[in-house]
Amino acid sequence: MTKPIMIRNLSLGDGTPKICVPLTGDTCEALCREAEKAKAASADMAEWRADFFQYLSDEEKIKETLKEIAGILSGITLLFTVRTKEEGGQAEITPEEYRKVNLAAAESGLADLVDVEIFSQENPLELIGAIQEKGAKVIASSHDFQKTDDREILLKRFQEMDRSGADVLKMAVMPEEFDDVAAIMQVTSEMVHKYTDKPVISMAMGGLGSISRIAGENFGSAVTFATTGASSAPGQFPIQELRTMMKALHQKNINGKKEEKNLL
């Protein structure tokens, strides 16, 4: 079962899934405007998708912008992510550049979490350890924008991510049919109940996978992603719409448990 971890004032891995809003601006000014919206919407987390940033290779600009964003968010947990082209993002950088920019974010002391693409990077375990030494938590991630592998492969991938030493495990897949959506949800449930005590994040992308963004409470996903403007992946809901649906599902779960108890 999941052992929650504390990140700032956020307990990740218990209760309803936390809602994370992506920040995708290409300049500091645009990112600050998006951070203001995330703050106003009471997001639990914000993810700076730095692969959209004009100055991704400039470590000082990264640190300066992190300071501006963190100041606006004022306590909201901040996730730093460089999503590469290989995993559906914008960044076309070398492994060494990827390492340097992620370490710069961790060194700043302003990124609470750093995303590491564990299957598309050289020496990801070394990078995970180096980031953790700087004081940031690490999300080991895997994104497939083309397909959903079968359940056995998904489970093995999650288990390999678990062995990496990362603090949180994340997987996103693209479904071709509803069975694919069911597969990622079932594998996530299996992970959190049998194989790891770390928080797990998962989703099926696109319209077909939208239920996975709403129902994480039912299958064990600790975080879901919503928008206050531009989306960072297909299928994300506006934050208020997602919050309403999640609250309704949570209440149904509570009422269902009460009804079961009364029948005993």
Side-chain angles (χ1 to χ4, degrees), residues 2-8 10-14 17-24 43-51 62 66 69-70 73 76-84 86-89 91 98-99 101-121 123-145 154 157-173 184 187-188 191-192 195-203 205 212-213 216 220-226 232-233 236:
T2 303
K3 182 185 296 183
I5 60 175
M6 288 299 300
I7 307 172
R8 290 189 182 268
L10 185 70
S11 180
L12 191 63
D14 64 350
K18 306 306 184 287
I19 299 178
C20 183
V21 169
L23 312 178
T24 60
D44 299 304
M45 298 173 59
E47 178 186 34
W48 179 16
R49 280 288 303 273
D51 48 299
I62 291 288
L66 275 168
I69 295 171
L73 294 174
I76 292 176
T77 298
L78 179 57
L79 164 63
F80 180 83
T81 298
V82 177
R83 184 71 62 235
T84 65
E86 290 83 356
E87 299 212 12
Y98 182 90
R99 183 181 189 279
V101 71
N102 280 295
L103 284 177
E107 287 169 355
S108 74
L110 299 166
D112 304 298
L113 289 152
V114 176
D115 181 293
V116 174
E117 296 176 351
I118 192 166
F119 296 114
S120 61
Q121 296 301 314
N123 302 316
L125 274 62
E126 184 276 332
L127 178 56
I128 288 170
I131 290 170
Q132 290 169 330
E133 287 178 3
K134 303 294 183 183
K137 303 289 187 184
V138 175
I139 296 179
S141 71
S142 171
H143 300 77
D144 190 334
F145 275 70
L154 296 177
R157 191 171 296 147
F158 259 138
Q159 291 172 323
E160 186 172 344
M161 294 162 72
D162 193 20
R163 291 190 293 269
S164 72
D167 303 282
V168 182
L169 318 177
K170 179 192 176 192
M171 189 182 298
V173 296
I184 188 64
V187 167
T188 303
M191 277 298 296
V192 299
Y195 297 110
T196 188
D197 61 0
K198 298 174 183 177
V200 175
I201 303 167
S202 72
M203 67 219 60
M205 295 180 284
S212 68
R213 297 186 181 275
S221 182
V223 175
T224 187
F225 291 76
S232 60
Q236 291 174 352

Across all chains, not counting sequence neighbours, the salt bridge (charged side-chain N to carboxylate O under 4.0 Å, His left out) partners of Glu160 are none
Sequence neighbours excluded, the answer for salt bridge (charged side-chain N to carboxylate O under 4.0 Å, His left out) partners of Glu117 is Arg83
Listed by chain and number, what are the side chain to side chain donor-acceptor pair (under 3.5 Å) partners of Ser221, not counting sequence neighbours? none
Side chain to side chain donor-acceptor pair (under 3.5 Å) partners of Glu126, counting only residues at least two apart: Arg99
Say you draw a straight line from CE of Met161 to CG of Leu169; how long is it, rounded to the nearest 0.5 Å? 5.5 Å
Looking only at non-hydrogen atoms, find the nearest pair between Leu12 and Ala222 and report the distance. CD1-O, 4.1 Å
Note: Asn102 and Asp115 closest approach over all heavy atoms is OD1-O, 3.8 Å
Applying side chain to side chain contact (heavy atoms under 4.5 Å, CB included), can you list everything that pairs with Ala104, at least two apart in sequence or on another chain? Glu59, Lys63
Interatomic spacing from CH2 in Trp48 to CG in Leu66 - rounded to 0.5 Å: 5.0 Å
Glu87: which residues meet the side chain to side chain donor-acceptor pair (under 3.5 Å) condition with it, sequence neighbours left out? Ser120, His143
If the test is side-chain contact (heavy atoms from CB on, under 4.5 Å), which one of Ile7, Leu73, Leu113 qualifies with Met45? Leu113
Work out which heavy atom in Val21 is nearest to a heavy atom in Ala43; give both atom names and the distance. CG2-CB, 3.7 Å
Could you grab the distance from atom OG1 of Thr84 to atom CD of Gln121, nearest 0.5 Å is fine? 6.0 Å
Evaluate Met171 against Leu154 for side chain to side chain contact (heavy atoms under 4.5 Å, CB included), listing each step before the verdict. CA-CA 9 Å; Met171 189 182 298; Leu154 296 177; 3.6 Å; yes
List for me each residue that meets side chain to side chain donor-acceptor pair (under 3.5 Å) alongside Asp162, sequence neighbours excluded, and say none if there are none. Thr196, Lys198
Distance col, row Ile118:CD1 vs Leu125:CG, nearest 0.5 angstrom, shows 5.5 Å
Can you give the donor-acceptor pairs under 3.5 Å from side chains of residues 130-140 to other protein atoms, not counting sequence neighbours?
unit_1, atom_1, unit_2, atom_2, d
Gln132, NE2, Gly165, O, 2.9
Gln132, NE2, Asp167, OD2, 3.0
Lys134, NZ, Glu107, OE2, 3.4

State which residues pass salt bridge (charged side-chain N to carboxylate O under 4.0 Å, His left out) with Arg213; sequence neighbours excluded, sorted by chain then number. none
Is the side chain of Thr188 donor-acceptor paired with the backbone N or O of Ser202 at a distance under 3.5 Å, no angle test? no
Assess the residue pair Gln236 and Met205 against the criterion (side chain to side chain contact (heavy atoms under 4.5 Å, CB included)); give the C-alpha distance rounded to whole Å, side-chain angles, the decisive distance to 0.1 Å, and a yes or no. CA-CA 8 Å; Gln236 291 174 352; Met205 295 180 284; over 6 Å; no
Please assess Val114 against Leu103 for the test side chain to side chain contact (heavy atoms under 4.5 Å, CB included), listing each intermediate value before the final yes or no. CA-CA 9 Å; Val114 176; Leu103 284 177; over 6 Å; no
Val223 versus Lys170: any side-chain heavy-atom pair under 4.5 Å? no
Taking all non-hydrogen atoms of both residues, which atom of Phe158 and which atom of Ile184 are closest, and how far apart? CE1-CD1, 4.4 Å
Excluding sequence neighbours, so at least two apart, what forms ring pair (Phe, Tyr, Trp, His ring centres under 6.0 Å) with Phe225? none
With sequence neighbours excluded, what pairs up with Arg163 under the salt bridge (charged side-chain N to carboxylate O under 4.0 Å, His left out) test? none
Just to verify, what does Asp44 make a side chain to side chain contact (heavy atoms under 4.5 Å, CB included) with, not counting sequence neighbours? Leu10, Lys18, Ile19
